[in-house]
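Numbering of residues begins at 1 and proceeds along the displayed sequence.
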Amino acid sequence: MTEKTGTQDRGGSALEAERQAERLTFSGAARWMIILFTLAAISIAINQLFNLRIGGYSFLEGMYLYVLAGLFLSLTFVTFRAWGPPSPKVPWYDWILAAATVAISAFFVATAGESLDSGWEYAAPDRAIWASIVYYLLILEGTRRAGGWSCSASCCSSRSTRPSRNMCQIR
């Protein structure tokens with residue numbers, strides 16, 4: 001007979017949690033949000049990739065990326081729990097985080113043209129700076145939920161995603 005070590009027990013429980021998460025079935029508003037946001041993201045991606053110009057309009061690159069990020073990041077808050085086992089019930093605070101993600105993404109989509117014209121990479125207004133900081137924190141939380149603390153920590157330590165001192169200075 002062999003004894004199970006703590007590492008093997010944790011691995012087995014992680015596999016069981018994965019199997020349990022695969023069997024989740026969302027209902028109500030969460031189910032419709034997952035369906036509609038996924039269909040919207042696929043449609044927008046097809047429109048952008050093949051330059052179909054549905055509705056006579058093609059997104060700017062920044063607009064397109066913010067739309068996809070907003071759709072998929074908000075789904076992260078609906079599908080992954082902040083702590084505890086996977087559950088099809090979506091807590092109220094996850095709905096608030098999903099709504100905040102959609103709202104901030106909508107802000108960046110609506111101001112993408114102004115951002116491009118005014119050079120917000122170098123001199124963004126305060127409202128855009130604060131929205132960016134909140135968006136960054138939402139992305140880190142979504143990364144933590146979907147990939148764990150190690151993924152979130154690697155995003156924090158990455159030089160390309162870490163906010164610089166100049167970006168955080170509010171005029």
Selection residues 65-78 - residue pairs positive for salt bridge (Lys or Arg N to Asp or Glu O under 4.0 Å), sequence neighbours left out: none

Name all pairs fulfilling the salt bridge (Lys or Arg N to Asp or Glu O under 4.0 Å) condition that reach into residues 32-46, sequence neighbours left out, sorted by first residue then second. none

Would you say Tyr136 ends up clustered with Trp149 if hydrophobic residues are merged whenever their side chains have heavy atoms under 4.5 Å apart, either directly or through other cluster members? no

Could you tell me whether the side chain of [Y] reaches within less than 4.5 Å of the side chain of [X], counting heavy atoms only?
X: Ile96; Y: Trp92; answer: yes
X: Pro88; Y: Thr25; answer: no
X: Val78; Y: Trp95; answer: yes

Kindly compute the distance separating [atom1] ([X]) from [atom2] ([Y]), expressed to the nearest 0.5 Å.
X: Ile46; Y: Leu49; atom1: CD1; atom2: CG; result: 8.0 Å
X: Arg144; Y: Ile139; atom1: CZ; atom2: CD1; result: 15.0 Å
X: Thr101; Y: Leu75; atom1: OG1; atom2: CG; result: 10.0 Å
X: Ser132; Y: Leu137; atom1: OG; atom2: CG; result: 11.0 Å

Checking [X] now: which residues fulfil side-chain contact (heavy atoms from CB on, under 4.5 Å) with it, not counting sequence neighbours?
X: Gln48; value: Ser58, Phe59, Tyr64
X: Leu97; value: Phe77, Asp94, Leu138, Arg145
X: Ile54; value: Asn47, Leu52
X: Glu61; value: Leu65

Distance-only check: which donor-acceptor pairs under 3.5 Å involve side-chain atoms of residues 27-45, not counting sequence neighbours?
residue, atom, partner, partner atom, Å
Arg31, NH1, Phe26, O, 3.4
Thr38, OG1, Ile34, O, 2.7
Ser43, OG, Leu39, O, 2.8

Return each pair, listed once, that meets side chain to side chain donor-acceptor pair (under 3.5 Å) where at least one residue sits in residues 111-120; pairs must be two or more places apart or across chains.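 Every side chain to side chain donor-acceptor pair (under 3.5 Å) pair that includes a residue of residues 111-120, provided the two are not neighbours, is Glu114-Arg127.
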
Test of understanding: with ring-ring contact (aromatic ring centres under 6.0 Å, His included), list the residues that count as partners of Phe50, not counting sequence neighbours. none

Listed partners of Trp83 passing ring-ring contact (aromatic ring centres under 6.0 Å, His included), at least two apart: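 Trp83 satisfies ring-ring contact (aromatic ring centres under 6.0 Å, His included) with Tyr93 once adjacent residues are dropped.
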
Might you point out which heavy atoms bring Arg81 and Pro85 nearest each other, and give the distance in Å? CG-O, 3.7 Å

Using every non-hydrogen atom in the two residues, find where Ala128 and Ala124 come nearest and quote the distance to one decimal.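 Scanning both residues completely, I find the closest heavy atoms to be CB-CB, 4.2 Å.
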
Name all residues meeting the side chain to side chain donor-acceptor pair (under 3.5 Å) criterion together with Ser105; count only those two or more places apart in sequence or in a different chain, and write none if there are none. Tyr135

